[in-house]
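Have a look at the structure below before the remarks.
Residue numbering restarts at 1 for every chain, and letters A, B, ... go by the order of the sequence lines. Keep in mind it's a predicted model, so treat the numbers as computed, not measured.
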2 protein chains.
Amino acid sequence: MTTAGTDGPTDRESKKRRTRLRLHTAAVRLAVERGYQATTADEIAAAAGVSPRTFFNYFATKEDAIVGSDPDRPARLHRAVVERPSHERPAEALRAVLTDQVREMEGDPDLWRMRSTLAASTPELSTRLAGAGDRLETALVEAVYLRAGTDPADDLATGLSARLAMAAVRAAFHQHRAAGADGSLADRLDTAFDAAGVR
Amino acid sequence: MTTAGTDGPTDRESKKRRTRLRLHTAAVRLAVERGYQATTADEIAAAAGVSPRTFFNYFATKEDAIVGSDPDRPARLHRAVVERPSHERPAEALRAVLTDQVREMEGDPDLWRMRSTLAASTPELSTRLAGAGDRLETALVEAVYLRAGTDPADDLATGLSARLAMAAVRAAFHQHRAAGADGSLADRLDTAFDAAGVR
DNA sequence: TATCTTTTTGCACACACTGCAAGTTTTGAC
DNA sequence: GTCAAAACTTGCAGTGTGTGCAAAAAGATA
């Protein structure tokens, strides 16, 4: 029973995608409703209509189900930075790539807001987010060193530029949140890049 | 049987301190020898000569026993920044406080090296370290806003200065490590602060 | 010595997570 | 439509982390 047409391209892929999304949203909802600690993996599975064992086929940990951060984003941005026009200086390349990325995230502001609200209230999740940010920063640092072709032991400035760029991103996010998610995040980011000397 | 004299001031406090240290060193040693995952909390307890249950009286998690990072360092540095002479600009205060802190860490280079080696090889621990760094950054951001008396929603520059300072610290550490922990970390940090515009 | 406090320990338990093997669904070829 | 291969789901059994509780051991106090 495939009933193609009511459901669009009903292949295995899309079913998996929907199951994953059901699990993720169930995880976030339950965590918001009753707290992260008080929510068990079994409950999330039940809410999404799958067996407990299946939950762990989709997410390695309970935290992953809530944060749901893309594990290969660092690699993707690394590539994006490396593939930028070679005449650009590190700061320019980083700025372009990170601006694109933030524009993408602006597409789903609710998700971002729920995530950061949850993270603010539960240390496990904020640690998790910090870890994801750190892996991203490391990937960007490697990317700019690759572009520059210099030795990290001698050249401090190149790696530093990537860390300054990430600092600007964090500052922009923080300000955005402090301002009640009002106004354009991309604009704030632009200001932050300028203030951080990323140009 | 207190035998004061063979052991120094043998009170309850010092016994606890030594037990904690035994657990920490046993945890680090075992994790280095056979890997983090392959080391169980029970084994750490046994190696330190205490019961498994006691292990968790000293450390909330296995990760804590290895990282052993001081949970109230953020609060301490927050205070240090706030208490700096009021004529100093944020960047100056941050630079002074972080320089002091790094000088302290330079006192035990072996510990730092083992930690970062372990963290580099096991994602759980690097996530943990990133989380600790993030909590520190957040504390410093709050501290400089407190000094400035401004609203984070309007004033981006103040919070950004704290994040730039932390970026400089990370860059200096990274370079130091890339250079085989050779030379003065404090010197590298000074260069990094200058390059990041923290002054 | 007697007593009060702190620490250690054992026990039972909830929950996260994994390997494995058996079931079910989906797919693609005929 | 039938059938076999591939992919996905599930149950089961087990390891390991981490917690509450109450009894035992150790240390401090007088």
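- Both Asp42(B) and Arg12(A) sit near DNA chain D, but only Arg12(A) has its closest nucleotide nearer the 5' end.
- Checking dT10(D), dT7(C), dC17(C) against every side-chain atom of Ser51(A), the shortest atom distance belongs to dT10(D).
- Taking atom CZ on Arg22(B) and atom C1' on dT8(C), their separation rounds to 12 Å, with Å as the unit.
- Remark: Lys15(B) is in phosphate contact with dG27(D), judged by side-chain N or O atoms under 4.0 Å from OP1 or OP2.
- Distance, Glu63(A) CD to dC15(C) P: 17 Å, rounded to whole Å.
- Taking atom CZ of residue Arg34(A) and atom P of nucleotide dC15(C), one finds them 12 Å apart after rounding to whole Å.
- Gln101(A) contributes no side-chain N or O that, together with a main-chain N or O of Leu77(A), makes up a donor-acceptor pair within less than 3.5 Å.
- The number of heavy-atom neighbours closer than 6.0 Å to CZ of Arg79(B), taken from other residues, nucleotides and ligands shown, is 12 or below.
- Residue-to-nucleotide contacts include a donor-acceptor pair under 3.5 Å from the side chain of Arg53(B) to the base of dG20(D).
- When the nucleotides dA16(C), dT9(C), dG18(D) are ranked by their closest atom to the side chain of Phe56(A), dA16(C) comes out on top.
- Note: CD (Glu124(B)) to P (dG16(D)) measures 15 Å, nearest angstrom.
- Using a 4.0 Å heavy-atom distance criterion, Tyr58(A) is classed as a sugar-phosphate-only contact.
- A close approach under 4.0 Å does not occur between any side-chain nitrogen or oxygen of Thr54(A) and OP1 or OP2 of dT9(D).
- Following rounding to the nearest Å, Phe59(A) (CZ) and dA16(C) (P) show an atom-to-atom distance of 15 Å.
- In summary, the side chains of Ser161(A) and Arg89(A) do not present any donor paired with an acceptor at a separation below 3.5 Å, with no hydrogens or angles considered.
- Put simply, Lys62(B) has no side-chain N or O that comes within less than 4.0 Å of OP1 or OP2 on dG18(D).
- Side-chain contacts under 4.5 Å among hydrophobic residues (ILVMFWY), followed directly or transitively, place Tyr145(A) together with Val141(A).
- Looking only at distances, no side-chain donor or acceptor of Glu83(A) sits under 3.5 Å from a matching main-chain atom of Ala80(A).
- Here dC12(D) presents its C1' atom at 14 Å from CG of Asn57(A), a figure rounded to the nearest Å.
- Gln37(B) has its CD atom 18 Å from the P atom of dA16(C), to the nearest Å.
- To the nearest angstrom, C1' of dA26(D) lies 16 Å from CD of Glu13(B).
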